[in-house]
Amino acid sequence: MPSVMIIENAERFGLSQLHQLRGRVAVAPKQSFCILMSSHKLSHDGKIRLNTMLKTNNGFEIAETDLQLTWPR
């Protein structure tokens, strides 16, 4: 039986948090899924966060994007 984690309002989490949560479900030797749910109206930053999580598992890339989003503009 696969492991499944569903994260509601995923756009509200930081990228580091999402990456850590996604890693928690993948610890088991079984197949695992992490489902990121969001509202239909995403902010610009929310879209970047979710697209980053879709395109990479690399913690360094995720941290770099997270820094760019949270650094004072």
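Please read these numbers as outputs of a predicted model, since none were measured by experiment. Only this structure's heavy atoms are used, side chains among them; waters, hydrogens and symmetry mates stay out.
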Quiz item: Would one find more than 12 heavy atoms of other residues, nucleotides or ligands at under 6.0 Å from atom CE of Met37?
Solution: no
Practice problem: Give the cluster check for Ile62 versus Ile35: same hydrophobic cluster or not, with ILVMFWY residues linked at side-chain heavy-atom distances below 4.5 Å. | Solution: no
All heavy atoms of Phe13 vs all of Glu8, minimum pair found to be CE1-O, 3.7 Å
So NE2 of His19 and OG1 of Thr56: to nearest 0.5 Å the spacing works out to 8.0 Å
Taken in chain and number order and not counting sequence neighbours, the residues that satisfy side-chain hydrogen bond (donor to acceptor under 3.5 Å, both in side chains) with Ser43 are none
Q) Would you say Met53 and Phe33 are hydrophobically clustered, going by side-chain heavy atoms of ILVMFWY under 4.5 Å? A) no
- prompt: Counting N and O atoms only, with roles assigned by atom type, does the side chain of Thr52 sit under 3.5 Å from a partner on the main chain of Ile48, one being a donor and the other an acceptor?
  reply: yes
Tell me whether Leu15 shares a hydrophobic cluster with Met5, the cluster being built from Ile, Leu, Val, Met, Phe, Trp, Tyr side chains joined at under 4.5 Å. yes
Taken to the nearest 0.5 Å, the spacing of Leu21 CG from Ile7 CD1 works out to 4.5 Å
Ser38 meets the side-chain hydrogen bond (donor to acceptor under 3.5 Å, both in side chains) criterion, sequence neighbours left out, with none
Across all chains, not counting sequence neighbours, the side chain to side chain contact (heavy atoms under 4.5 Å, CB included) partners of Asn57 are Arg22
Evaluate the side-chain proximity of Gln68 to Asp66: yes if any heavy-atom separation is below 4.5 Å, no if none is.
no
When rounded to the nearest 0.5 Å, the distance separating CG of Leu18 from CD of Glu11 is 9.5 Å
